[in-house]
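All values derive from a computational prediction rather than experimental measurement.
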Amino acid sequence: MKNINVVKYDGSIKPFELNKIKKMISYYSEGLDINPLELESKISVKFRDMITTKEIQEVIEHTAMIMATPEQPDYAILAGRSVLYNLYKVVKKNTGIDVSDDFFPIFKYNLEHGIYDNSILNNKSLEELEGLNGILDNERDRSTTVASAKSLVSKYLTKNKNGITEYPQSALLATVAYLNQYIESDIFKTEATTDYEYLSKKILSLATPFRSNLRKLFANLSSCFIIEAPDSLEGILKAIGDAAKISKLGGGVGIYLGKIRPEDAILKGLPVANNIIRWVAIFNAIAKAVDQLGTRNAALTLAIDAWHLDVESFIEVKTEVGELRDKSFDIFPQVVITDEFLRRRDEGLDWYLFDSKEIIDELHFDLTESINFTEDYNKCVEAADAGVLKHFKVVKANDLWKRFLTVYVETGDFYLTQRDKLNFCNPAYKSGMVSKCYNLCTESSSPFKASSDPIEEIIDDKIITTRELGYSHTCNLLSINMAEILNDEELFIKAIRRSVRILNKALRVTNTPIPESKKHNDIFATIGIGTVGVSDWMAYNKLSYLKEADHIEIEKIYEKIQYYAYDESCNIAIEQGHSFKAYDQTSFKDGYLIGKPAEELQKNSKVGLDWVGLSEKIKANGIANMLLVAVAPNTGTGALMGVGSSYLPVFSRFFYEEFGKLLVPVPAKFIKDSFWYYNEGSHVPTEKIINLTNKVSYWIDTGISMELVINPNITNIKNISDALVKGFKENLKSMYYCRVLDVADDGSIIEDPNSKKKSTCVACKN
């Protein structure tokens, strides 16, 4: 190639050298099942005079992406290596520090330039931090697919005005350093090394806020929050402000609106209260106005009870029915149902919608806080029939259920929470600490309580405001990657135990967005262990989501996670000399685990675990965390790890994800050897996923994000309804969003990324 020059990263101009390109492709190809010569032949025609080094990398990257197929998935890894090589050059240009310069130089650069939070120096000396040199292993980047690499670059690395300022592995080790900053000096390096090993080898994966934020100023590590809006203007406005603060720092927010009085309720002696959708509209505006650290829109789920008098208008806020000005398209509505609602639905009975404020005024109890809901609800029905309650409405329970499902299918993001099943596993429920709804992704919940309305005093021209502090549900998340662990039972148990340790350290280092969140951590210390790569694990082991018998193998995974998480949390309580603060108000001391007697768990164990012995150990020694297992959707985490998300089938064995203007190939991890063993979600009947989730939920103390793919070719709304009702009567606690597939005239699913009818999802939250 004559007369071709290359513009280097530093701006210098050098003659084009084909041998360097060949060496680069050879390096990228090491260990992969590809033919380097085939790639070379396709890229050689694309070089021109004054091409930049960055453009050369992009030619290699884009060509490799085109060549990636289900038969040759390793080209996706080669393209990922090209992305990261380019990243290495960019970071060196921005910082002057090479990727090979070990951990401390790049760490110190970010510390000195105010990109990292220097408060770590209050707990760890520079000498201790420099002692982490030698741990970092950049070779672990080489298994990264192109989709994972692009996700990493776009969301997980720190930046200044010039661009990214850290390398992927140095960022992980920095995160680990901050995580362990309160660990004693004599074991600091050992603990940091262990955590780094689990994270860098992709055995464990931190949730997005955790991985993105820790090492930055004001680092919130929590993904999940639930706050409550009380029935007062001051309280509602505070909830609006709290939702904005949480969103600003990267958290998803659940907001319980069930206490707000309904339309035409008495307000200052007059029946003039607004419909709840007026408040929904304000939260909707917050969702649009306050983004999450500049990386994604705010995400809010607003919840009310199925007995709330405004529930019929509330469920329509995202449908195409009614006035456009009554709509709120940027929030996710959530309705809370109960055993009593399901009973009345089954028996064709009436369902009463009530005014929560009138119940308090006339019957002197708060139905939203009830720990005997069925009994208290029927007291309200009797009072309505007797004329004591006057502001109510009677509908058919089954008609309301049908509308719930219709809205779910129409919009894709209408959530249901089964309050009785949620609280059955809430250890503090019988003490009156109630979980009233789920968080944004419906896998995390615990008791929460709004702060009191403010009392204001003017002292020396200053307004002094005081409140009685409530507590807001807060949870940090981490996932176990079953696609890396596979069938290594010893590693699996160690990974569960390490997960508990990491999340407990996170409780200490996180900066909570609101004080109610910190109080919640202090009282309950809830954490959330989830999973990624279960679909890959299934394919690797030649198991099928279509076979009910194979579902038992998934059950075993979650039984083990819950069991060993409990056990390790108990070990931590022994080491620290105390349990979480609310322990004495929970059912742990009575021998209950996951809301059940230990004898029942042992009888039903799928793997023969000693649940009775574990219960006795906890009764004797306490436990560090009230709730421990929360199986989040983990779509982003799965993409970063290059594996399937959560516990569900892959949406597709091989598909393209959009990054900017590029369509990036995403092959399933074991596609080459296990192609036919991957079940695609669109080919698994929805009711099978509901039944699987119902069984798995038996072994999970907090929750699980059940995303459904509805394929009209293989299921119908009656089957889905029957499966949901059965699940909600047994163990199922929530229903997350769904995708309704777009089916062509011939009955096929439209999946071609270049098709004019491009999207396979016509009703989808994402």
Side-chain angles (χ1 to χ4, degrees), residues 31-35 65-79 143 145-148 202 481-488 531-557 634-635 638-639 641-657 663-693 695-696 707-715 739 741-744 746-753 755 760-761:
L32 302 181
D33 183 15
I34 64 171
N35 183 351
M65 287 195 298
I66 293 169
M67 295 175 71
T69 65
E71 295 75 28
Q72 293 186 300
D74 281 5
Y75 277 106
I77 296 177
L78 189 148
S143 64
T145 65
V146 62
S148 301
K202 300 182 180 179
N481 185 358
M482 296 305 300
E484 288 295 327
I485 291 171
L486 294 176
N487 300 319
D488 188 334
T531 52
V532 292
V534 172
S535 58
D536 305 286
W537 178 86
M538 290 281 284
Y540 180 86
N541 286 295
K542 299 179 173 55
L543 300 171
S544 174
Y545 284 91
L546 295 168
K547 297 178 181 178
E548 299 274 340
D550 289 351
H551 290 181
I552 295 173
E553 300 307 314
I554 301 180
E555 281 190 76
K556 290 177 181 178
I557 289 174
N634 287 332
T635 307
M641 296 292 102
V643 299
S645 58
S646 195
Y647 70 109
L648 296 165
V650 293
F651 187 68
S652 177
R653 301 178 184 100
F654 188 96
F655 65 97
Y656 291 87
E657 186 171 355
L663 290 173
V664 176
V666 184
K669 183 174 178 66
F670 302 124
I671 190 172
K672 194 188 311 183
D673 297 324
S674 302
F675 181 90
W676 294 111
Y677 293 102
Y678 275 98
N679 298 125
E680 295 184 330
S682 58
H683 298 113
V684 179
T686 309
E687 52 270 28
K688 284 194 179 291
I689 297 301
I690 296 170
N691 292 338
L692 167 64
T693 310
K695 292 174 183 176
V696 169
E707 301 179 50
L708 300 179
V709 177
I710 299 176
N711 180 351
N713 287 335
I714 60 174
T715 193
R739 300 172 177 180
L741 296 178
D742 194 357
V743 178
D746 63 359
S748 63
I749 299 166
I750 300 171
E751 291 184 310
D752 180 2
S755 168
T760 63
C761 171

> What's the shortest heavy-atom distance between E707 and L648, and which atoms?
O-CD1, 3.6 Å
> Could you tell me whether the side chain of E680 and the main chain of R653 form a donor-acceptor pair under 3.5 Å?
yes
> Treating T69 as the side-chain partner and E71 as the backbone partner, does any N or O pair qualify as donor plus acceptor under 3.5 Å?
yes
> Taking S646 for its side chain and V532 for its backbone only, find out whether a donor-acceptor pair lies under 3.5 Å.
no
> Within a reach of under 6.0 Å around NZ of K547, are more than 12 heavy atoms found that belong to other residues, nucleotides or ligands?
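12 or below, so no.
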> Mind checking whether T693 and Y647 have side chains closer than 4.5 Å, heavy atoms only?
yes
> If you compare all heavy atoms of A147 against all heavy atoms of P665, which two are closest, and at what distance to 0.1 Å?
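Looks like CB-O, 4.1 Å.
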> Just by modelled atom types, is the F670 backbone N or O under 3.5 Å from a matching donor or acceptor in the Y678 side chain?
yes
> Under 3.5 Å, is there a donor-acceptor pair between the side chain of S148 and the main chain of A639?
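The answer is yes, because a donor-acceptor pair under 3.5 Å joins these two groups.
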> side-chain hydrogen bond (donor to acceptor under 3.5 Å, both in side chains) for S544 and N679? Distances and angles first, verdict last.
CA-CA 7 Å; S544 174; N679 298 125; 3.3 Å; yes
> So, does N481 use its side chain to make a donor-acceptor pair with the main chain of K202 at under 3.5 Å?
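Yes.
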> If you measure from CD1 on I689 to CD1 on I710, what distance do you get to the nearest 0.5 Å?
12.0 Å
> Quick check for you: to the nearest 0.5 Å, what is the distance between I34 atom CD1 and Q72 atom CD?
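Result: 8.5 Å between the selected atoms.
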> Taking atom types as modelled and ignoring hydrogens, do the side chains of S682 and N711 form a donor-acceptor contact shorter than 3.5 angstrom?
no
> Does any N or O in the side chain of N634 come within less than 3.5 Å of the main-chain N or O of T531, such that one atom is a donor and the other an acceptor?
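A pair under 3.5 Å: yes.
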> Okay, side chain of W537, backbone of L486: is any donor-acceptor separation there less than 3.5 Å?
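Side chain of W537 to backbone of L486: a pair is present.
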> Return the CG to OH distance between D33 and Y75, rounded to the nearest 0.5 Å.
9.0 Å
> Taking side chain as C-beta onward, heavy atoms only, is V643 less than 4.5 Å from M482?
no
> Within the 4.5 Å heavy-atom criterion, are I77 and D74 side-chain neighbours or not?
yes
> Given side chain to side chain contact (heavy atoms under 4.5 Å, CB included), test N487 with Y540 step by step and report yes or no.
CA-CA 10 Å; N487 300 319; Y540 180 86; 3.8 Å; yes
> Under a 3.5 Å cutoff, is there a donor and acceptor pairing between the side chains of S535 and Y545?
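Distance-only check fails for S535 and Y545.
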> Let me confirm one number: the CE-CG distance from M538 to D550, rounded to the nearest 0.5 Å.
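Reported value, rounded in 0.5 Å steps: 5.5 Å.
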> Could you tell me the separation between the CD1 atom of I552 and the NZ atom of K695, rounded to the nearest 0.5 Å?
6.5 Å
> Please check if the number of heavy atoms outside F654 that lie under 6.0 Å from its CZ is greater than 12.
yes
> How close do G644 and V650 get, heavy atom to heavy atom, and via which atoms?
CA-CG1, 4.5 Å
